[in-house]
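The block underneath contains the structure these notes are about, expressed in structure tokens.
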Amino acid sequence: MGKGAIKEEESERKRKTWRLPLLGLIVVLLAVAVSSRTSSNVGFFFTDRNSCSCSLQGSGKYKGIVEDCCCDYETVDNLNTEVLNPLLQDLVTTPFFRYYKVKLWCDCPFWPDDGMCRLRDCSVCECPETEFPEPFKRPYNTAGLSSDNLICQEGKPQATVDRTIDNRAFRGWVETNNPWSHDDDTDSGEMTYVNLQLNPEKYTGYTGTSARRIWDSIYSENCPKYSSGETCPEKKVLYKLISGLHSSISMHIAGDYLLDESSNQWGQNIELMYDRILRHPDRVRNLYFTYLFVLRAVTKATAYLEQAEYDTGNHAEDLKTQSLIKQLLYSPKLQTACPVPFDEAKLWQGQSGPELKQQIQKQFRNISALMDCVGCEKCRLWGKLQVQGLGTALKILFSVGNQEKGGDQTLQLQRNEVIALVNLLNRLSESVKMVRDMGPDVERLMEDQIKKVSAKPGRLRSIWDLAVSFW
């Protein structure tokens with residue numbers, strides 16, 4: 001080989017030695033450019049939760065009747081904003097609805113629990129014995145009548161008086177099974193009271209394989225999505241309920257998110273809100289469906305809820321709770337604009353009705369059992385509460401009042417079921433309000449950012465071309 005060839009080879013080798021570091025630098029610059037373009041104006045758009053003043057213009061993206069329901073989107077938004085959400089916000093802060101009894105430490109019946117939570121916000125602050133209401137400590141039936149009959153307990157069995165002509169809807173708080181829910185939440189010494197106001201539903205850092213496995217098991221094994229041509233409402237109802245609940249949970253996580261762990265900065269993660277919910281119209285529609293479904297359960301149980309004893313030992317607060325319940329149940333605007341949010345009578349018709357009902361009942365029981373597998377304590381708390389609330393709604397709508405279709409003659413609920421039902425309705429109400437108030441602005445902002453990235457690739461393309469030419 002000649003000297004000229006050797007020098008040329010040595011020169012080429014030197015050029016290669018600085019090409020690689022330079023290419024690495026260019027790739028870093030490219031990544032920074034992409035990051036700054038897509039996130040500099042978006043990532044912390046609502047860092048202060050109280051500073052958002054979103055415009056309601058253009059909020060009518062969803063029009064017409066909510067699928068399989070009896071109310072339209074505009075009516076739901078107006079009722080929720082003007083009447084239901086303010087009432088529910090007050091109701092869930094009362095002593096009766098503030099305390100929820102839950103079994104926090106559970107053995108997962110499906111796989112070993114390997115979930116790890118990164119943040120202290122994942123843990124739950126349990127109530128000391130002196131905090132929760134004294135009446136909650138009494139065994140069931142001490143203040144009410146027997147769950148099996150209407151016999152007044154007066155000491156000795158032979159001294160009892162037959163009260164079978166008593167037709168009250170509420171017969172005292174009882175321990176009763178719910179055929180729609182996993183049987184692990186009955187009253188026991190392993191359960192503890194939690195103040196929900198001190199343990200809000202928000203981002204906890206619970207991510208990764210454990211969190212994904214919960215939702216994968218729910219959707220793939222217990223409520224797979226129906227085909228686009230499915231016309232049977234029974235086969236669609238469970239998926240839509242779970243999808244709506246999932247959307248609501250995601251809205252609350254995105255609405256109260258840890259934006260910067262180093263400075264403990266919390267705010268609204270609108271990128272997550274858009275990616276998980278708002279850019280998927282079917283998820284938004286299912287949220288509205290689930291809200292109306294649960295609202296219908298509450299209105300159907302009007303007689304029971306009106307007569308129920310909201311006793312916490314605080315007379316003034318208990319009177320306030322009763323007043324708020326009656327305002328919710330007998331709202332003139334609700335009765336006029338949307339008297340029957342969901343018509344449950346149209347389901348389980350035909351010969352296959354009872355079989356379909358049993359199948360869906362079994363699937364939902366599995367979903368409620370899966371809540372014991374959630375690896376984050378606070379996530380498990382809100383998962384259990386909201387799934388129990390949804391199970392209570394299913395019980396009210398499909399297991400009571402129609403004996404020909406397998407329903408019980410009368411409605412009986414545990415105190416915890418009512419607490420879960422009302423808190424679930426409030427969670428859904430908050431999510432619907434966030435979609436209405438923030439949805440249009442968030443969608444517009446995110447779509448504008450996406451358009452800017454795709455419409456102006458010049459600088460990014462130049463950097464990439466430079467990298468390729470050096471390589």
Side-chain angles (χ1 to χ4, degrees), residues 62 65-71 73 76 80 178-182 201 214-227 230-252 276-277 280-301 338 340-348 353 356-371 374 382-400 417 420-432 435:
Y62 298 93
I65 299 296
V66 179
E67 186 184 19
D68 295 327
C69 293
C70 309
C71 303
Y73 287 96
V76 174
N80 186 55
N178 183 351
W180 292 87
S181 294
H182 182 52
E201 183 183 26
I214 298 293
W215 288 112
D216 287 346
S217 296
I218 288 174
Y219 284 117
S220 63
E221 299 172 18
N222 295 289
C223 64
K225 187 171 183 179
Y226 52 89
S227 62
E230 181 59 67
T231 58
C232 176
E234 292 90 348
K235 292 183 179 180
K236 298 192 290 183
V237 66
L238 183 57
Y239 176 85
K240 293 172 69 173
L241 288 174
I242 296 301
S243 172
L245 177 59
H246 194 178
S247 296
S248 180
I249 292 171
S250 297
M251 284 296 293
H252 284 98
R276 295 279 181 88
I277 308 104
H280 303 279
D282 60 316
R283 297 180 186 179
V284 175
R285 294 189 185 101
N286 291 339
L287 169 63
Y288 276 78
F289 172 84
T290 305
Y291 178 48
L292 290 177
F293 185 93
V294 176
L295 180 60
R296 169 54 183 156
V298 170
T299 59
K300 185 177 181 180
C338 190
V340 183
F342 174 82
D343 184 9
E344 69 279 4
K346 64 186 178 182
L347 297 180
W348 322 120
L356 275 172
K357 181 178 174 181
Q358 286 185 351
Q359 175 187 338
I360 293 175
Q361 198 173 82
K362 180 181 178 181
Q363 290 170 330
F364 191 82
R365 283 171 62 89
N366 286 340
I367 291 171
S368 66
L370 274 166
M371 294 303 101
V374 176
W382 283 102
K384 278 176 167 285
L385 180 144
Q386 293 180 92
V387 168
Q388 183 177 28
L390 199 52
T392 304
L394 288 162
K395 174 181 177 178
I396 293 169
L397 295 181
F398 300 139
S399 297
V400 175
E417 289 179 316
L421 179 68
V422 170
N423 273 280
L424 169 62
L425 185 62
N426 178 60
R427 297 276 88 191
L428 295 167
S429 170
E430 286 183 346
S431 297
V432 167
V435 168

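Start at 1 with the first residue, then count along the sequence.
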- Task: Output all residues satisfying side chain to side chain donor-acceptor pair (under 3.5 Å) with N286, sequence neighbours left out; order by chain, then residue number.
- Result: S243
- Query: Heavy atoms, side chains only, cut-off 4.5 Å: are V237 and D68 in contact?
  - Reply: no
- Note on the structure: One should read off an interatomic distance between K240 NZ and L238 CG, to the nearest 0.5 angstrom, of 12.0 Å
- Task: Without swapping roles, check the side chain of S247 against the backbone of R283 for a donor-acceptor pair under 3.5 Å.
- Result: yes
- Residue pair L397 / K300: nearest heavy atoms and the distance that separates them: O-NZ, 3.4 Å
- Considering residues at least two apart in sequence or located in another chain, which fulfil the ring pair (Phe, Tyr, Trp, His ring centres under 6.0 Å) criterion with F342? F289, F293
- Message: For I396 versus A297, what's the shortest heavy-atom pair and its separation?
- Response: CG2-O, 3.5 Å
- Message: Let me confirm one number: the CG-CD1 distance from L394 to I360, rounded to the nearest 0.5 Å.
- Response: 9.0 Å
- Query: Rounded to the nearest 0.5 Å, what separation is found between the CD atom of E201 and the CG atom of N426?
  - Reply: 10.5 Å
- Task: Only counting residues at least two apart or in another chain, list the ones meeting side chain to side chain donor-acceptor pair (under 3.5 Å) with S431.
- Result: S248, H252
- Mind checking whether I242 and Q363 have side chains closer than 4.5 Å, heavy atoms only? no
- Is the side chain of R365 donor-acceptor paired with the backbone N or O of H182 at a distance under 3.5 Å, no angle test? no
- Message: Whether the side chain of S429 engages the backbone of L425 through a donor-acceptor N/O pair (distance < 3.5 Å, no angle test) should be reported.
- Response: no
- Check: Y219 and K225 side chains under 4.5 Å, non-hydrogen atoms: no
- Check G391 against S181 and note the closest heavy-atom contact, atom names and distance. CA-OG, 4.0 Å
- Query: Residues two or more places apart in sequence or in another chain: which of them pass disulfide bond (SG atoms under 2.5 Å apart) with C223?
  - Reply: none
- Item | Nearest atoms (heavy-atom pairs only) where L370 meets I218 | CD1-CG1, 3.7 Å
- Message: Assess the residue pair R285 and E67 against the criterion (salt bridge (Lys or Arg N to Asp or Glu O under 4.0 Å)); give the C-alpha distance rounded to whole Å, side-chain angles, the decisive distance to 0.1 Å, and a yes or no.
- Response: CA-CA 8 Å; R285 294 189 185 101; E67 186 184 19; over 6 Å; no
- Message: Treating N366 as the side-chain partner and N222 as the backbone partner, does any N or O pair qualify as donor plus acceptor under 3.5 Å?
- Response: no
- With the side chain counted from C-beta on, respond yes when V340 and R296 share a heavy-atom pair under 4.5 Å apart, and no when they do not. yes
- Under 3.5 Å, is there a donor-acceptor pair between the side chain of Q386 and the main chain of W382? yes
- Message: Name the residue from V76, V294, V298, L292 that meets the side chain to side chain contact (heavy atoms under 4.5 Å, CB included) definition with P341.
- Response: L292
- Answer whether the closest heavy-atom distance between the side chains of I249 and W215 falls below 4.5 Å. yes
- Task: With sequence neighbours left out, write down each residue that passes side chain to side chain donor-acceptor pair (under 3.5 Å) with E417, or none if nothing qualifies.
- Result: K395
- Message: To the nearest 0.5 Å, what is the distance between CD on E234 and CD on Q359?
- Response: 11.0 Å
- Pairwise distance CZ(R427) to CG(L245) - rounded to 0.5 angstrom: 11.5 Å
- Query: Side chain of K357, backbone of L347: donor and acceptor closer than 3.5 Å?
  - Reply: no
- Tell me, with the steps shown, if Y291 and V66 meet side chain to side chain contact (heavy atoms under 4.5 Å, CB included). CA-CA 11 Å; Y291 178 48; V66 179; over 6 Å; no
- For residues W348 and L356, report the shortest heavy-atom separation together with the two atoms involved. CZ3-C, 3.8 Å
- Which residues satisfy the side chain to side chain donor-acceptor pair (under 3.5 Å) test with T299, sequence neighbours excluded? none
- With under 30° as parallel and over 60° as perpendicular, where do the rings of F364 and W180 fit, or are they tilted in between? perpendicular
- Starting at CG of N80, measure out to CG of L295 and round the result to the nearest 0.5 Å. 9.0 Å
